[in-house]
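Beneath this line is the structure, given in structure tokens, with notes to follow.
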Amino acid sequence: MLKFSNTLSRTKEEFIPIESGKVRMYSCGPTVYNFMHIGNLRTFFFEDILLRVLKYNGYAVKYVMNITDVGHLTADSDTGDDKMEESAREQGKSVWDIAESYTKAFKNDILLMNIIPPDIYTKATDYIKQQIEMIKCLEEKGFTYTISDGVYYDTSKFPSYGDLARLDIKGLQEGARVEFSAEKKNTTDFALWKFSPKNERRQMEWESPWGIGFPGWHLECSAMSKTELGNHFDIHCSAIDHIFPHHTNEIAQSEACNGEKFVNYWIHGDFLDMGNEKMSKSLGNFITLQTLIEKGYSPLDYRYFLLMAHYKKKLKFSIEALDAARNGYKNLRGKINNLKQAVHEEGQVNDSKVEAEKFSEWKNRFSESINDDLNMPGAMAVFWDMLRDEGLSSYEKLNLAYDFDKIFGLNLDKTDVKSSDSEIPEEIKILVNQRNDAKKNKDFKLSDEIRNEIKGLGYEILDKKDSIEIKKIN
RNA sequence: GGUGUGGUACCCAAGUGGCUUAAGGGGAAAGUCUGCAAAACUUUUAUUCGUCAGUUCGAAUCUGACCCACACCUCCA
């Protein structure tokens, strides 16, 4: 049984798709005004796991992710600068160039992290027409009103407003941090269409029945999901910070316009906890995947790190914890390599078989973990236990490992420790041979000296039973 | 002020009433192997789950109080 935590009910629910065997899923993608930091990446990783688990369970998934290339506003929905325009100004580029270059960087990060891309990326600027249509729809049904700076959604007209976030609207109004906009009817009302400032030309602005301007932040997801997935679909995911206001407002827009339920399962991932130093794009102190790569970590080391925690909980990031992940991942690859070698050797002797009972027992244990609200730490524990099971042949273990890796995405089938082949420079090979000779002559002093020399050149020698492995030190 | 989440070993982190007198990984220690290392393999590493009360035959898991962290309350993954 496949179960997910649904933010709507705040409980784990059995997953039942609208259409048997098929899943339609939408996730809120990046706003492309800057690089992704590793916290952002945690969310996309979680969505990747979700996608993989659905596929593993045999569902045909249609997965849509948006790219927000229209700027929101820095301060709140009524004031402040547009982040996209601001970034463009700082870098002396056009907004369109900014969007393109950061979209590219995002897609590259996704690739490096082995995150499966969505079937469709929807760019907000490609769906302006549909967004305008949606405002018209809401206008016709009486959910909108216009004030000096834009067209707004009247949240008081939507009785279940705030249910997703369990909002206490009265408490909100009394809250210290909420500023009233004099013209807004309710604190929670939000912009559907913002007018361009009268004395200023924006780089991104469009004609609309209400005047030149640009769409409100929340509208794009409602319009794009409707276009690509229909009025009612299965899963909508992203991180917890979007529960309010973003998803709350999406529900209000979509359900008011479409007249039917919007999404069955809302699934939200928690943040990466950076400890004292809170990462913030505005402060510029955030860690990107590139930062980690520069420090000598592979993107898959980071992926392994993320696998060690459940998506619903905060994960404490530290270099120490990342090192632990890197070591764990390295050890795992080592074990897989040993299995590969064993299978290779055994394969010539006898036909490798899979013993159905044992095999499916492990598969079941694995499925139980991943289907229980994507319990990756649990699945990893099953993985490590399986590798230690003496009742399994190397062939069976390797097969299970590859099967599990459909979820983990650690490229275990591709792992290859660099060994004595063309990648090793000639001079190193010569030194290795010299050391071998010294060893044969039992001149261990010399052989150790040569080994140190090789080490100084960046290569490590590992003496195996009847072979020598040369490894590049990273 | 409102709402919500969490505090599990040296670090990361599962488990949310009996299968657990608490998974898994990292680290550390010991052993086997080895000329020595490395690798591999084996073993050890929380009588205890923020604190204090309570419910129960039985609690890390439920209830209450308290302490501490964190998040959200219109920038935010």
Side-chain angles (χ1 to χ4, degrees), chain A residues 10 27-31 33 36-47 71-83 162 165-179 181 187-191 217-218 237-246 248-249 268-273 275 278-282 304-305 307-310 312-332 334-335 337-338 369 375-385 388 417 439 442 444-445 447-448 451 460-465 469 471:
Chain A
R10 307 281 159 121
S27 90
C28 290
T31 302
Y33 70 102
M36 292 294 98
H37 61 233
I38 55 175
N40 299 326
L41 256 13
R42 182 182 186 203
T43 301
F44 299 114
F45 160 82
F46 136 65
E47 290 157 355
H72 316 324
L73 302 159
T74 46
D76 56 50
S77 63
D78 297 333
T79 61
D81 290 322
D82 179 307
K83 284 192 289 195
R166 311 244 153 141
L167 267 194
D168 172 3
I169 292 167
K170 219 181 143 199
L172 248 177
Q173 289 173 343
E174 287 162 2
R177 284 174 60 183
V178 176
E179 288 168 39
S181 163
T187 3
T188 47
D189 292 353
F190 56 92
W217 171 30
H218 315 293
C237 49
S238 78
I240 47 163
D241 57 320
H242 277 167
I243 295 170
F244 184 81
H246 190 49
T248 299
N249 292 348
H268 294 96
D270 207 333
F271 276 15
L272 184 71
D273 180 357
K278 194 190 170 185
M279 277 196 297
S280 142
K281 284 187 183 175
S282 52
Y304 188 97
F305 169 77
L307 281 167
M308 303 210 308
H310 189 95
K312 288 286 289 179
K313 283 197 174 177
K314 265 180 270 301
L315 206 203
K316 288 182 228 170
F317 179 84
S318 66
I319 287 298
E320 196 186 4
L322 186 60
D323 281 338
R326 176 166 60 181
N327 287 341
Y329 182 38
K330 194 179 112 203
N331 290 156
L332 185 62
K335 280 195 197 296
N337 270 339
N338 291 345
S369 281
N375 187 343
M376 288 307 117
M380 285 296 276
V382 171
F383 193 3
W384 282 99
D385 283 342
R388 227 177 283 116
V417 173
K439 261 183 76 179
K442 300 213 182 275
F444 298 117
K445 198 172 168 240
S447 85
D448 283 354
R451 181 166 58 187
E460 196 174 7
I461 292 184
L462 308 168
D463 290 340
K464 301 267 166 129
K465 257 182 192 152
E469 195 172 305
K471 258 173 91 175

Looking only at non-hydrogen atoms, find the nearest pair between Met376(A) and Leu307(A) and report the distance. CB-O, 3.4 Å

Sugar-phosphate atoms are those with a prime plus P, OP1 and OP2; base atoms are the rest. Using that split, label each nucleotide of nucleotides 27-34 of chain B B, S or - for protein heavy atoms under 4.0 Å, 5' to 3'. S-------

Value in whole Å for how far the C1' atom of C76(B) lies from CE of Met36(A): 11 Å

Length of the CZ-P vector between Phe444(A) and C36(B), whole Å: 9 Å

Looking at CG of Asn337(A) and CG of Leu332(A), how far apart are the two atoms once the value is rounded to the nearest 0.5 Å? 10.0 Å

In whole angstrom, give me the gap between the C1' atoms of G50(B) and A69(B). 10 Å

Between Lys335(A) and Ala381(A), name the one whose nearest nucleotide on RNA chain B is closer to the 5' end. Ala381(A)

Residues forming a salt bridge (charged side-chain N to carboxylate O under 4.0 Å, His left out) with Arg10(A), sequence neighbours excluded: none

Roughly how far apart, to the nearest Å, are U55(B) and U63(B) at atom P? 15 Å

Upstream residue (5' side of RNA chain B) when Ser447(A) and Asp385(A) are each assigned their closest nucleotide: Asp385(A)

At 4.0 Å (heavy atoms only), tell me whether Arg451(A) reaches a base, stays on the sugar-phosphate, or touches nothing. base

Just to be sure I understand the rule, does His268(A) reach a base, reach only the sugar-phosphate, or reach nothing, if contact means heavy atoms closer than 4.0 Å? nothing

Using every non-hydrogen atom in the two residues, find where Leu315(A) and Ala309(A) come nearest and quote the distance to one decimal. CG-CB, 3.5 Å

Determine the contact category for Tyr304(A): base if any of its heavy atoms lies under 4.0 Å from a base atom, sugar-phosphate if only primed atoms, P, OP1 or OP2 are that close, otherwise nothing. sugar-phosphate

Measuring from the side chain of Asp241(A) (C-beta onward, heavy atoms only), which nucleotide among C76(B), G25(B), C41(B) has the closest atom? C76(B)

When rounded to the nearest 0.5 Å, the distance separating CE of Met380(A) from CE of Met308(A) is 8.0 Å

What about Asp448(A): does its side chain form a donor-acceptor pair under 3.5 Å with the base of G35(B)? yes

If we take the C1' atom in both C12(B) and G17(B), what is their distance in whole Å? 27 Å

About how many Å separate CZ of Phe305(A) and CG of Asp323(A), when rounded to the nearest 0.5 Å? 10.5 Å

Take the protein atom CG of Leu332(A) and the nucleotide atom C1' of A39(B), then report the distance between them rounded to whole Å. 16 Å

May I ask you to decide if the ring planes of His246(A) and Trp217(A) are parallel, tilted or perpendicular, using 30° and 60° as cut-offs? parallel

One character per nucleotide, please: for nucleotides 7-15 of chain B, 5' to 3', B when the base has a protein heavy atom closer than 4.0 Å, S when only the sugar-phosphate does, - otherwise. ----SBSSS

Pairwise side-chain contact, Phe271(A) with Arg42(A), heavy-atom cut-off 4.5 Å (strictly under): no

To the nearest 0.5 angstrom, please state how far the NE2 atom of His268(A) sits from the OG atom of Ser238(A). 5.0 Å

Can you tell me how far the CZ atom of Arg388(A) sits from the NZ atom of Lys335(A), to the nearest 0.5 Å? 7.0 Å

Roughly how many Å apart are C62(B) and G1(B), using the P atom of each and rounding to a whole number? 27 Å

Nucleotide U5(B), atom P - distance to CZ of Arg10(A) in whole Å: 7 Å

In chain order, what residues pass the side chain to side chain contact (heavy atoms under 4.5 Å, CB included) check against Asn331(A), with sequence neighbours excluded? Trp384(A)

Donor-acceptor under 3.5 Å (Thr248(A) side chain, Ile243(A) main chain): yes

Give me the distance, rounded to whole Å, that separates C72(B) from G54(B) when you measure between the C1' atoms they each carry. 33 Å

Atom pair distance, as rounded to whole Å: CG in Asp270(A) and P in U5(B): 11 Å

Is Trp384(A) stacked against the base of G24(B), taking the criterion as centroid distance under 5.5 angstrom and interplanar angle under 30°? no

Rounded to the nearest 0.5 Å, what separates atom CD in Glu47(A) from atom SG in Cys28(A)? 8.0 Å

Give the rounded distance in Å between these two atoms: CD1 of Ile240(A) and P of U3(B). 18 Å

Taking atom C1' in both A60(B) and A46(B), compute the distance separating them and give it to the nearest angstrom. 12 Å

Rounded to whole Å, CE of Met380(A) lies from C1' of G26(B) at a distance of 11 Å

Annotated structure of RNA chain B as dot-bracket, pair cut-off 3.5 Å, Watson-Crick or G-U only, | for inter-strand, is (((((((..(((.....[.....)))((((((.......))))))....(((((..]....))))))))))))....

Taking salt bridge (charged side-chain N to carboxylate O under 4.0 Å, His left out) as the test, write out the residues that go with Asp270(A), two or more places apart. Lys314(A)

Between G6(B) and A14(B), how many Å separate the two P atoms, rounded to a whole number? 11 Å

P spacing across the pair C11(B) / A53(B), given as an integer number of angstrom: 26 Å

From NZ of Lys330(A) across to C1' of A39(B) the rounded distance in Å is 10 Å

Between C76(B) and Arg42(A), is there an OP1 or OP2 to side-chain N/O distance shorter than 4.0 Å? no

Taking 4.0 Å as the cut-off, does a side-chain nitrogen or oxygen of Lys312(A) come that near to OP1 or OP2 on G6(B)? no

